[in-house]
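Order of the sequence lines sets the chain letters (A, B, ...), proteins ahead of strands, with each chain counted from 1.
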Amino acid sequence: MTDFGTLVARLIDAGVELIVVGGVAAAAHGAARTTLDLDVVYRRAPANLQRLADALAPLSPYPRGAPAGLPFLWDARTLANGLNFTLVTTLGDIDLLGEITAGGGYEDLLPHTVELEIFGRRSRCIDLESLIRVKRAVGRPKDFEALAELELLLELRGR
Amino acid sequence: VLVGGVRYDRGTVKDEPLPKDPVIEAYKKDVDVTLLIENLKRTPQERLDRMISMLRLTEEMQRAMKARR
């Protein structure tokens, strides 16, 4: 099982600029569903790529689902040359997203975040309205139930 | 991408309100709203703790099922 708390704390403590999105954000907003991985949108500034690479390096990140033994080099250059990375680490699964559909990159998404006290840290998290918008734009059938729940949460919060 | 009558171009968050999506509206009737109401009384950390407890329970049950085979 992914150790969400240790992963988030490790990244925040390393000064990585990130926004928690996906299932963990949904759960933090009150969704009753579970998720298996941590999804974050990270800032693509060179210094942040270095912090992110350094923070995850001891956790042996490796592309999830890829055959073992590929020549995968984990460093800031790899991050700079790619965009979205679905990784397995010794603390569990993490998706590092440079951009998300209908959300854009870190800077685009930042005005649509809230700061939450989670896992003992102040963490930036996508706000509920934007999470709904992003999930709608992706349009995956598997998200329909989750979307119904998120929209009901928004309605309940507004009462 | 055109979803629910809203066009998403490059992909940044728009501020206009989203129209109701009939598919999602249909799914809403099957959601246990009582769970959401209870969750809204909790802090974000308490909500995450509950999710993690559920994942642990699922993992334990899967382990037990495997051991039984």
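For A/F4, the part lying under 4.5 angstrom from a heavy atom of chain B is the side chain only. Using a 4.5 Å cut-off between heavy atoms, A/T35 touches chain B through backbone and side chain atoms alike. Neither the backbone nor the side chain of A/E107 comes within less than 4.5 Å of any heavy atom of chain B. In this structure, chain B has heavy atoms under 4.5 Å from both the backbone and the side chain of A/E145. Only the side chain of B/L35 comes within contact range of chain A, with heavy atoms under 4.5 Å apart.
The two atoms that bring B/P44 and A/L116 nearest to each other are CG-CD2, 4.0 Å, heavy atoms only. Here the shortest heavy-atom pairing between B/L18 and A/R136 reads CD1-NE, 3.8 Å.
For the set B/D32, B/T58, B/D30, B/L55, the count of heavy-atom pairs under 4.5 angstrom toward chain A peaks at B/L55. Across B/M51, B/R50, B/E25, the residue that shares the most heavy-atom pairs under 4.5 angstrom with chain A is B/M51. Here B/R56 is the residue among B/R56, B/K29, B/E46 with the most heavy-atom pairs under 4.5 Å with chain A.
Hydrophobic clustering, with ILVMFWY side chains joined whenever heavy atoms are under 4.5 angstrom apart, groups A/L56 together with A/V20. A/V8 and A/I19 fall into different hydrophobic clusters, where Ile, Leu, Val, Met, Phe, Trp and Tyr are joined by side-chain heavy atoms under 4.5 Å apart, directly or via other members. Linking ILVMFWY side-chain heavy atoms closer than 4.5 Å, directly or via other members, places B/Y27 and A/L150 in two distinct hydrophobic clusters. Taking hydrophobic clusters as Ile, Leu, Val, Met, Phe, Trp and Tyr residues chained together by side-chain heavy-atom distances below 4.5 Å, A/V16 does not share a cluster with A/I126. No continuous path of hydrophobic side-chain contacts links A/L79 to A/L97 [ILVMFWY only; heavy atoms under 4.5 Å].
Side-chain contact between A/M1 and B/I52: present, with at least one pair of heavy atoms (C-beta onward) separated by less than 4.5 Å. In this structure the side chain of A/F119 reaches within 4.5 angstrom of the side chain of B/L48, judged on heavy atoms.
Atom CG of B/L40 sits about 10.5 Å away from atom CG of A/L152, to the nearest 0.5 Å. Distance CG/B/N39 to CG/A/L153: 7.5 Å, rounded to 0.5 Å. The CG atom of B/L36 sits 5.0 Å away from the CD atom of A/E149 when rounded to the nearest 0.5 Å.
Summarising the local packing, CG of A/L36 is surrounded by 12 or fewer heavy atoms from other residues, nucleotides or ligands at distances under 6.0 Å. Around CZ of A/R77, the count of heavy atoms belonging to other residues, nucleotides or ligands within 6.0 Å does not exceed 12.
Looking at A/E151, its side chain never comes within 3.5 Å of a backbone N or O of B/I24 through a donor-acceptor pair.
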